[in-house]
Amino acid sequence: MTRPAALEARSLCVEIDGARLLHDVDFAAHAGRVHALIGPNGAGKSTLLAALSGDLPAASGEVRLGDAPLAGRSPKALARERAVLTQDHRVSFPFPVREVVAMGRHPWARSPEAELDDAIVDDALAVTDVSHLAHRTVPSLSGGERARVALARVLAQRTPVLMLDEPTAALDLKHQEDVLRLARSHAQRGDTVLVVLHDLNLAAAYADDITLLRGGRVVATGAPAEVLTAERIEAVYGQAVEVLPHPSTGVPLVLPIR
Ligand code: ADP
Ligand code: MG
């Protein structure tokens, strides 16, 4: 790929309280593509997402956003470039859903884009299927509904880079597919979409690129069919699997051997 990466890590190391959580990570996500981050629990997926978003500093190496170093940008400038759905996105204040989603517009206050706030919030509520909950308070929602409201707030930020940490974790089958269809449609419009997923079949079906992490290191990165081999999945997850091509689409299907 000759296009510069929209989001990139170069020899990135991250440390917290003296513990090294990421080791020499090289990573690149490109505009117009959905990039899935996968790996077992504790592999460093959330840590990498936090470092790529600027929420965690690099101990060494570099993060680049839009082909320039990420470090040194103002919080407001960052918030106009990338939106982040964190894993612990629970908003527990008793605010109405619509107000919580409207908080996503905050980075655009006093800019020409602020004129579009109401329409953008309506759209974010609609595409995440929470319009009917707009006047409910967040603590009264189910876990899955709350997760969709959190996603709506992130989408309302209208940034060209979307970073979603396990956006499907609490969701039912249809809403999981909805979220990944949304991710794809954003990529089709030219956005850079980075998404942490546990479901390898969702990753295989919706991602253009997959990066597999283990122990804070990149094990493999590339197209789904290159990354998702039975041998590698068994080695990394410690679970025997069969990988078969989907009979009509050819997308890899990962089946645990039971
Ligand atoms: P993942 O999202 O892939 O499940 P994380 O990035 O959350 O993994 O965590 C990677 C590893 O770093 C885990 O072993 C986790 O326990 C550890 N870790 C995360 N935060 C801290 C912290 N503040 N201090 C020490 N270890 C941490
Ligand atoms: Mg995580």
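Just so you know, ligand 1 is whichever comes first in the structure, and atom 1 is the first atom listed for that ligand.
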Next on the checklist: Return the closest protein heavy atom for atom 19 (C) of ligand 1 as residue, atom name and distance.
Outcome noted: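 Here the nearest protein heavy atom works out to Leu21 CD1, 3.8 Å.
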Next on the checklist: Quick test: of every protein heavy atom, which one is nearest to atom 7 (O) of ligand 1, and how far off is it to 0.1 Å?
Outcome noted: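 The protein heavy atom lying closest is Ser46 CB, 3.7 Å.
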Can you tell if the side chain of [X] reaches within under 4.5 Å of the side chain of [Y], non-hydrogen atoms only?
{"X": "Val251", "Y": "Pro224", "value": "no"}
{"X": "Val193", "Y": "Tyr206", "value": "no"}
{"X": "Leu228", "Y": "Ile233", "value": "yes"}
{"X": "Asp118", "Y": "Arg98", "value": "yes"}
{"X": "Leu65", "Y": "Leu7", "value": "yes"}

Checklist entry - Do you see a donor-acceptor pair shorter than 3.5 Å between the side chains of Glu113 and Ser111? => result yes
Checklist entry - Any non-hydrogen protein atom below 4.0 Å of atom 25 (C) of ligand 1? => result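 It does not; no protein heavy atom is within 4.0 Å.
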Checklist entry - Under 4.0 angstrom from atom 16 (O) of ligand 1, is there any protein heavy atom? => result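 Not a single protein heavy atom is under 4.0 Å away.
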Next on the checklist: With respect to the Mg ion (ligand 2), please indicate if Thr47 possesses an N, O or S atom at a distance under 2.8 Å.
Outcome noted: no
Checklist entry - Does Gln87 bring an N, O or S atom to within less than 2.8 Å of the Mg ion (ligand 2)? => result yes
Contact (N/O only, under 3.5 Å) between [X] and ligand 1:
{"X": "Thr47", "answer": "yes"}
{"X": "Asp17", "answer": "no"}
{"X": "Asn41", "answer": "no"}
{"X": "Gly42", "answer": "yes"}

Checklist entry - Nearest 0.5 Å, what's the CG-CG distance between Asp122 and Leu116? => result 11.5 Å
Next on the checklist: Using a 4.0 Å cutoff against the non-hydrogen atoms of Ala43, which atoms of ligand 1 qualify?
Outcome noted: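 By the 4.0 Å cutoff, the relevant atoms are 1 (P), 3 (O), 8 (O).
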Checklist entry - Can you list the ligand 1 atoms lying under 4.0 Å from a non-hydrogen atom of Ile16? => result 22 (C), 23 (N), 24 (N)
Next on the checklist: With a cutoff of 4.0 Å, is Ala19 in contact with ligand 1, counting heavy atoms of the residue only?
Outcome noted: no
Next on the checklist: So does Ala79 get a backbone contact from the side chain of Gln157, meaning a donor-acceptor N/O pair under 3.5 Å?
Outcome noted: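 Judged by distance alone, yes, a pair lies under 3.5 Å.
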Next on the checklist: Assess the residue pair Leu213 and Val218 against the criterion (side-chain contact (heavy atoms from CB on, under 4.5 Å)); give the C-alpha distance rounded to whole Å, side-chain angles, the decisive distance to 0.1 Å, and a yes or no.
Outcome noted: CA-CA 5 Å; Leu213 294 175; Val218 173; 3.7 Å; yes
